[in-house]
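Below is one structure; the comments refer to it alone.
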Amino acid sequence: MAEGSSLILVADDDEDIVRFVEVNLRLEGYAVATASDGEQALARAAELRPALVLLDVMMPRLDGLEVCRRLRTDPSAASAAVMMLTAKSLPVDKVVGLTAGADDYIVKPFDPRELVARVKTVLRRRREAHRLDPLTGLPGNVDVREELARRIGDGARFAVLYVDLDNFKAFNDGYGFLRGDEAIKALAKCLSQALDTVDARDAFVGHIGGDDFLVVVDPEAAEAAAKEVCATWDRTVRDLYDGDDAERGFIEVTDRRNQVHRVPLATVSVGIASNTDRPIESHWEAAEIATEMKQFAKREQGSSFAADRRRGRAGAAT
């Protein structure tokens with residue numbers, strides 16, 4: 001019934017179509033609101049903030065295409081998915097609808113099973129898109145938790161890499177947040193390249209926030225992946241700095257007391273946790289161990305990684 005909690009707004013001036021769509025969607029457990037023209041559709045969308053708006057293309061007062069365009073520029077409704085209901089089946093008509101910002105379209109007359117299938121697909125894609133980090137395009141915290149919970153629930157063997165940039169705050173303060181965003185995107189790219197290089201199959205990369213990333217891989221690939229992440233970042237980092245700073249190997253940052261500090265170029269630290277030698281029973285535990293290992297890595301000069309080698313629930317970390 002999880003999907004049934006999504007509110008769908010159906011906008012069509014044909015009462016029979018509205019009733020047909022409403023009945024079939026309610027049978028699937030969805031909450032449904034209706035509108036009979038374009039202006040009413042806009043008002044109801046702003047008021048109700050539906051998960052999906054089903055728009056007839058040909059409506060009085062405002063047609064569906066114009067409603068779609070306005071929804072996409074209205075902050076209160078921009079997150080809603082939009083599906084066009086159209087009697088036109090020519091490719092150019094479909095392209096026009098998608099260009100206006102629609103996520104999908106369905107041609108009248110349509111089978112109710114097709115309608116429901118399209119609705120479920122559009123809602124699923126919309127949810128997935130909004131869970132991705134807008135800066136890196138990677139899954140965020142919710143997906144990270146679900147991925148770890150899935151592997152733990154399946155009894156799978158896995159390793160977690162907690163990846164973090166060192167000296168990032170100084171870089172962000174010195175060059176500004178736009179350059180800081182570029183550094184974060186560069187690290188995301190490095191992670192992808194490193195995992196490809198070591199052929200880490202079934203790997204998962206998530207962006208926890210800021211300059212923090214979490215990678216889930218098979219235990220056998222964990223240390224090779226961490227080593228390659230460090231090497232890939234070190235080959236990339238100088239391109240993020242101004243020429244003189246890159247050549248010197250540091251930037252000068254002035255603190256609140258007007259004192260100048262020389263801060264080395266950003267490096268990467270990676271902490272590794274694995275359930276190979278000790279049980280990990282929750283995503284919180286996995287993150288805690290990986291974070292602890294990351295702190296060990298930060299004690300080293302330059303980009304480095306540290307892996308948890310304890311067995312059971314006791315022992316020393318190395």
Side-chain angles (χ1 to χ4, degrees), residues 1-134 137 139-140 142-143 146:
M1 195 70 176
E3 285 187 313
S5 62
S6 298
L7 174 65
I8 299 175
L9 175 62
V10 181
D12 198 310
D13 60 325
D14 187 325
E15 293 183 3
D16 291 334
I17 292 290
V18 170
R19 181 60 180 165
F20 173 77
V21 172
E22 181 180 10
V23 168
N24 280 280
L25 291 178
R26 288 190 184 279
L27 286 174
E28 293 294 321
Y30 292 101
V32 181
T34 63
S36 58
D37 61 56
E39 289 190 359
Q40 188 180 28
L42 281 176
R44 300 221 71 188
E47 173 192 359
L48 301 174
R49 300 194 177 188
L52 170 65
V53 181
L54 288 172
L55 282 175
D56 181 33
V57 172
M58 303 300 294
M59 286 190 298
R61 303 177 76 181
L62 284 177
D63 65 32
L65 296 175
E66 181 59 26
V67 172
C68 183
R69 293 188 186 99
R70 295 193 187 186
L71 286 174
R72 288 294 176 249
T73 59
D74 182 355
S76 67
S79 63
V82 176
M83 182 185 295
M84 307 300 298
L85 305 175
T86 176
K88 301 179 179 181
S89 58
L90 293 176
V92 66
D93 298 316
K94 300 172 185 178
V95 170
V96 169
L98 296 174
T99 302
D103 297 277
D104 200 1
Y105 57 86
I106 188 167
V107 178
K108 302 177 185 178
F110 45 79
D111 184 276
R113 291 171 297 183
E114 180 187 5
L115 171 69
V116 170
R118 293 279 190 109
V119 164
K120 288 182 177 180
T121 299
V122 167
L123 286 173
R124 175 178 56 79
R125 288 175 178 170
R126 199 71 176 171
R127 282 195 300 270
E128 290 174 352
H130 280 274
R131 284 175 15 164
L132 297 179
D133 181 85
V142 172
D143 290 303
E146 290 182 356

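Residues: numbered from 1 along the sequence shown.
Within 6.0 Å of atom CZ in Arg26, more than 12 heavy atoms from other residues, nucleotides or ligands are found, so the atom counts as buried in its surroundings.
When every heavy atom of Ala80 is checked against every heavy atom of Val53, the shortest pair comes out as CB-CG2, 4.3 Å. Looking at every heavy atom in both residues, Val107 comes nearest to Phe110 through O-CB, 3.6 Å. Across every non-hydrogen atom of Cys68 and Leu55, the tightest pair is N-CD1, 3.9 Å. Across all their heavy atoms, Arg44 and Ala33 have their closest contact at NH1-CB, 4.0 Å. Contact between Met83 and Val122 at its shortest, heavy atoms only, is CE-CG2, 3.7 Å.
For the atom pair Leu54 CG and Glu22 CD, the distance stands at 11.5 Å (nearest 0.5 Å). Within the model, atoms CG of Asp104 and CZ of Arg126 stand 12.0 Å from one another, a figure rounded to the nearest 0.5 Å. Taken from CZ in Arg118 to CZ in Arg113, the straight-line distance is 14.0 Å, to the nearest 0.5 Å. One distance of note links OG1 of Thr121 with CG of Asp103; it measures 11.5 Å at 0.5 Å rounding.
Val82 is listed as a side-chain neighbour of Arg72, based on a closest heavy-atom distance under 4.5 Å. The shortest side-chain heavy-atom distance between Pro50 and Ile8 does not fall under the 4.5 Å cut-off. Contact of the Met84 side chain with the Leu65 side chain is registered, since non-hydrogen atoms from C-beta on lie closer than 4.5 Å. Here the side chains of Leu9 and Leu52 are not in contact, with every heavy-atom distance at 4.5 Å or above. Side-chain contact between Val21 and Asp12 is absent, with no heavy atoms from C-beta onward closer than 4.5 Å. Between Leu7 and Tyr30 there is no side-chain heavy-atom pair separated by less than 4.5 Å.
Annotation: side chain to side chain donor-acceptor pair (under 3.5 Å) contacts involving residues 54-65, sequence neighbours excluded, comprise Asp37-Arg61, Glu39-Arg61, Asp56-Lys108.
With hydrogens and angles disregarded, a donor-acceptor distance shorter than 3.5 Å links the side chain of Gln40 to the backbone of Ser36.
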Apply the test side-chain contact (heavy atoms from CB on, under 4.5 Å) to residues Val57 and Leu85: give CA-CA distance (whole Å), side-chain angles for both, the deciding distance (0.1 Å), then the verdict. CA-CA 6 Å; Val57 172; Leu85 305 175; over 6 Å; no

